[in-house]
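Here is the structure we will look at, set down as structure tokens.
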Amino acid sequence: MTMNHVNRMPRITRREFSALAAAPLLPQVALAQTSAAPPLTTRAIPGTGERLPVVGLGTASVFNSDDEPTRRAAAQVVQALVDAGGRLIDTASTYGDAESVLGKVIAGATLQGKIFVATKLEAPDAAELQRSLARLKMAKVDLLQLHNVRDARQSLAQFKAWKARGLCRYIGITSTYHGDFAALEAVLGREKPDFVQVDYSLDNRLAEERILPLAAEVRAGVLTALPFGRARLFRAVRGKAVPDWAQDFAGSWAQFFLKFLLADERVTAVIPGTSDPAHMMDNLGAMRGRLPDAAQRQRMIAFVNSL
Ligand SMILES: NC(=O)c1ccc[n+]([C@@H]2O[C@H](COP(=O)([O-])OP(=O)(O)OC[C@H]3O[C@@H](n4cnc5c(N)ncnc54)[C@H](OP(=O)(O)O)[C@@H]3O)[C@@H](O)[C@H]2O)c1
């Protein structure tokens, strides 16, 4: 269901949120919650041991406008995430109105405290932080990341001071620009943030060599941005079925792509972006069942290389 297919409503109350967000998803949610469902995969944040469900939600280009159809779609996607046992949502001060949309949806459904909110700032700027907190309707966020590190000298001192003041629980750094990976590595090694977020997908594995080993060394959690390469991987397999040898661990292409990443124990969570609740449910399926082994991962790489 896309956000254009639902009727407009004046505003989202908590009751309306529950009814609207849950109704189309009940069969899948019920299935996910039966005792027969395989256990949820969670992974420890290295610095604290706090466990995070391994599939989250990215919001880079999906909730750009703070209007009713977007809030409706966001409510459904967030409800799908929570109903399936997920917690992590990644956003940024620069993702259009995404922080405002999420703030309204999370407050409207009284989900504060149930969602692990990660946002990003462009700079260690107090006004930018206050704007993000106000838009998110939160006194603090779980993870505050410095967006797109590009200079080896960038300091996390202000982020650490905010963490000490309780304005965030964790701090992190991000980049998806390979030309900036040297700077990202320098800041990661020197500042030792709690998290690093980097692009990593089945057909884009530079992070395996450049970032993941250092993240493990400094005990930083890893969030993988662009796990589908902005849908590039779906386009590559269009018209093809998931191979027989992968069907016992991947019920869909989305799960095939996400489980490849999750099979690397250094990955704390994946954050695929979607505005479609059915896609969210599909992606959340990667939190359950077994992960591919090392030989199967090599086969997955060979398969994608052959496309
Ligand atoms: N520097 C940084 O810090 C940085 C940079 C880039 C991204 N990020 C983060 O990483 C997140 C993920 O990246 P992304 O959203 O740009 O790209 P992505 O997750 O690689 O791909 C998103 C695309 O995949 C589609 N999709 C999602 N689930 C699907 C499914 N089950 N079946 C079919 N299609 C599906 C989405 O369309 P639908 O909406 O139709 O589902 C969308 O077109 C971002 O949202 C952001 O939070 C961070």
Side-chain angles (χ1 to χ4, degrees), residues 1-6 24-25 28 53-65 69-70 72-78 80-81 84 86 88-92 94-98 101-102 118 120 147-148 174-178 197-208 211 222-243 246-247 249-264 267 269-287 291-292 297 300-307:
M1 178 187 229
T2 69
M3 53 194 175
N4 298 324
H5 294 156
V6 289
L25 300 168
Q28 298 96 311
V54 294
V55 177
L57 167 67
T59 63
S61 53
V62 287
F63 305 139
N64 283 353
S65 314
T70 305
R72 174 94 52 126
Q76 292 183 328
V77 170
V78 170
L81 175 80
L88 170 64
I89 300 180
D90 179 71
T91 189
T94 50
Y95 291 172
D97 291 337
V101 170
L102 289 170
K120 311 184 193 79
H147 198 196
N148 290 330
T174 82
S175 181
T176 55
Y177 294 101
H178 295 178
Q197 182 180 148
V198 68
D199 56 310
Y200 182 27
S201 62
L202 180 51
D203 65 345
N204 166 26
R205 301 185 305 280
L206 183 63
E208 287 176 351
I211 307 299
V222 174
L223 304 182
T224 68
L226 306 176
F228 302 136
R230 293 198 177 95
R232 181 180 63 239
L233 283 168
F234 291 112
R235 289 191 292 276
V237 297
R238 188 171 291 150
K240 292 182 165 40
V242 173
Q247 297 230 349
F249 64 83
S252 67
W253 280 119
Q255 293 165 22
F256 184 94
F257 301 138
L258 297 177
K259 283 194 169 185
F260 173 82
L261 304 176
L262 292 171
D264 188 323
V267 170
V270 295
I271 46 168
T274 186
S275 57
D276 181 333
H279 284 172
M280 185 76 255
M281 290 301 298
D282 182 14
N283 300 342
L284 290 162
M287 286 200 299
L291 295 167
R297 283 189 101 227
M300 294 166 96
I301 292 170
F303 174 81
V304 163
N305 286 346
S306 74
L307 292 172

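All values below were derived from every heavy atom in this structure, side-chain atoms included, with hydrogens, water molecules and symmetry-related copies excluded. Note that the structure is a prediction, hence the values are computed from the model and not measured.
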Is L226 close to R232 at the side-chain level, that is, under 4.5 Å between some pair of heavy atoms?
no
Beyond-backbone contact of F260 with Y200, side-chain heavy atoms, under 4.5 angstrom
yes
So, for [X] and [Y], which heavy atoms are closest and what is the spacing to 0.1 Å?
X	Y	answer
P243	F256	CD-CE1, 4.1 Å
G285	K259	O-CE, 4.3 Å
P53	A269	O-CB, 4.1 Å
Q255	A286	CG-N, 3.8 Å
A84	L284	CB-CD1, 3.6 Å
P272	G56	CD-O, 3.5 Å

Member of L223, N283, L261, V54 meeting the side chain to side chain contact (heavy atoms under 4.5 Å, CB included) criterion with V270:
L261
With T224, which of V198, L262, V267 fulfils side chain to side chain contact (heavy atoms under 4.5 Å, CB included)?
V267
I'd like to know if the side chain of [X] and the backbone of [Y] have a donor-acceptor N/O pair within less than 3.5 Å.
X	Y	value
W253	K240	yes
Q76	D276	no
Q247	V242	yes
T70	S65	yes

Please determine whether side chain to side chain contact (heavy atoms under 4.5 Å, CB included) holds for the pair F228 and S201, giving the CA-CA distance in whole Å, both sets of side-chain angles, and the decisive distance to 0.1 Å.
CA-CA 6 Å; F228 302 136; S201 62; over 6 Å; no
Could you tell me the separation between the [atom1] atom of [X] and the [atom2] atom of [Y], rounded to the nearest 0.5 Å?
X	Y	atom1	atom2	value
D97	T59	CG	OG1	11.5 Å
L81	M281	CG	CE	10.0 Å
Q197	S175	CD	OG	10.0 Å
L258	I271	CG	CD1	11.0 Å
F234	H279	CZ	NE2	7.0 Å

For Y177, which residues count as a ring-ring contact (aromatic ring centres under 6.0 Å, His included) partner, sequence neighbours excluded?
none
Whether H147 and Y95 hold their rings parallel, tilted or perpendicular, with breakpoints at 30° and 60°:
perpendicular
Would you please test H178 and N204 for side chain to side chain contact (heavy atoms under 4.5 Å, CB included) and show each step?
CA-CA 11 Å; H178 295 178; N204 166 26; 3.3 Å; yes
Are more than 12 heavy atoms from other residues, nucleotides or ligands located less than 6.0 Å from atom CZ of R230?
no
With K120, which residues qualify under salt bridge (charged side-chain N to carboxylate O under 4.0 Å, His left out), at least two apart?
D90
Show your working on side chain to side chain contact (heavy atoms under 4.5 Å, CB included) between L202 and I301 and close with a plain yes or no.
CA-CA 7 Å; L202 180 51; I301 292 170; 4.0 Å; yes
Under the side chain to side chain contact (heavy atoms under 4.5 Å, CB included) rule, what do T274 and V62 come out as? Steps first, then yes or no, please.
CA-CA 6 Å; T274 186; V62 287; 5.5 Å; no
